[in-house]
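Data block below; observations after.
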Amino acid sequence: MTERKRVWATPPDVPLCREADLPDPGARSFVLQIGEAFFHGFVVRKDGHVAGYVDRCPHQGHPLAIELDRYLTPDGERILCGWHGAVFEPLSGLCTGGPCAGARLTPWPVAVTDGMIRTA
């Protein structure tokens with residue numbers, strides 16, 4: 001099986017989902033095909049704010065969620081890398097514990113426009 005090509009950025013203004021469809025706190029993954037390659041990212045909603053990240057842990061480069069859309073700790077307070085237990089602030093992407101403490105998730109620019117979460 002051939003490995004799919006990956007890209008690490010997306011064009012602006014791609015509609016992802018309605019803000020109301022993402023719980024607060026909540027997170028959802030998105031895979032976008034861009035030409036022949038694919039972008040893997042996720043969006044977090046917390047305390048009325050939205051942030052996007054490339055779905056790649058700074059520790060070893062794995063996607064963070066083991067199960068689809070399961071990015072947050074059970075209490076919804078932190079992003080959790082299911083593979084090695086690193087925890088991240090949901091709105092800044094700062095790793096506050098685990099093997100990559102002090103590192104950050106790679107931001108994925110997103111914005112809410114007229115109730116719709118879009119790439120920025």
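Values below: all heavy atoms of this structure, side chains included; hydrogens, waters and symmetry mates excluded.
Between T96 and E89 the shortest side-chain heavy-atom distance falls below 4.5 Å. For the pair R78 and L72, the minimum side-chain heavy-atom distance is 4.5 Å or more. Side-chain contact between V87 and I79 is absent, with no heavy atoms from C-beta onward closer than 4.5 Å.
Note that OG of S92 and NE2 of H49 are 12.5 Å apart. Values are rounded to the nearest 0.5 Å. Rounding to the nearest 0.5 angstrom, the gap separating the CG atom in L64 from the SG atom in C57 is 5.0 Å. Atom NZ of K5 is separated from atom CZ of F38 by 10.5 Å, given to the nearest 0.5 angstrom. Here the straight-line distance linking atom NE2 of H62 with atom SG of C81 works out to 7.5 Å at 0.5 Å rounding. R28 CZ to L68 CG: the interatomic distance, rounded to the nearest 0.5 Å, is 9.0 Å. With rounding to the nearest 0.5 angstrom, the CZ atom of R56 is 4.0 Å from the CH2 atom of W8.
Under the 4.5 Å side-chain heavy-atom criterion for grouping Ile, Leu, Val, Met, Phe, Trp and Tyr, I34 is connected to V110 within one hydrophobic cluster. Cluster annotation: V54 is not connected to W83 through the hydrophobic network of ILVMFWY side chains, with a link wherever side-chain heavy atoms come within less than 4.5 Å. Linking Ile, Leu, Val, Met, Phe, Trp and Tyr residues whenever their side-chain heavy atoms come within less than 4.5 Å places V44 and L105 in a single cluster. At a threshold of 4.5 Å between side-chain heavy atoms, the hydrophobic network of Ile, Leu, Val, Met, Phe, Trp and Tyr places M116 and V14 in two separate groups. Connection of L16 to Y53 is not established within any shared hydrophobic cluster, with ILVMFWY side chains joined at heavy-atom distances below 4.5 Å, either directly or through further cluster members.
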Please determine whether salt bridge (Lys or Arg N to Asp or Glu O under 4.0 Å) holds for the pair R118 and D13, giving the CA-CA distance in whole Å, both sets of side-chain angles, and the decisive distance to 0.1 Å. CA-CA 5 Å; R118 299 174 176 275; D13 207 35; 3.6 Å; yes
Item checked: Verdict with supporting geometry, Q60 and H84, side chain to side chain contact (heavy atoms under 4.5 Å, CB included) -> CA-CA 9 Å; Q60 288 194 341; H84 298 106; 3.2 Å; yes
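Closest heavy-atom contact between G97 and C95: O-SG, 3.2 Å. Closest approach of F39 to A9, counting heavy atoms only: CD1-N, 3.8 Å. Here the closest heavy-atom approach between residue V7 and residue A37 is recorded as CG1-CB, 3.5 Å. Nearest approach of V31 to H40, heavy atoms of both residues: CG2-ND1, 3.5 Å. G102 and L94 make their closest contact through O-CD1, 3.7 Å (heavy atoms, listed as atom of the first residue, atom of the second, distance).
The main-chain N or O of L22 is found under 3.5 Å from a side-chain atom of R45 such that the two form a donor-acceptor pair. Proximity of a side-chain donor or acceptor of D24 to a complementary backbone N or O of D47 within less than 3.5 Å is detected. At distances below 3.5 Å, not a single donor-acceptor pair connects side-chain atoms of D55 with backbone N or O atoms of P63. Counting only distance, with no hydrogens or angles, the side chain of S29 and the backbone of D69 share no donor-acceptor pair below 3.5 Å.
Counting heavy atoms of neighbouring residues, nucleotides and ligands inside a 6.0 Å radius, atom CG of D75 exceeds 12 of them. Heavy atoms from other residues, nucleotides or ligands lying under 6.0 Å from CD of Q33 number more than 12. In the displayed structure, R6 atom CZ is contacted under 6.0 Å by more than 12 heavy atoms of other residues, nucleotides or ligands.
Between R4 and E36, no side-chain nitrogen of the basic residue sits less than 4.0 Å from a carboxylate oxygen of the acidic one, so the salt-bridge criterion is not met.
Between Y71 and F42, the ring planes lie parallel to each other; the angle is under 30°, not in the 30° to 60° tilted range.
At a cut-off of 3.5 Å, with distance as the only test, a side-chain donor of W108 or T10 sits close to an acceptor on the other residue.
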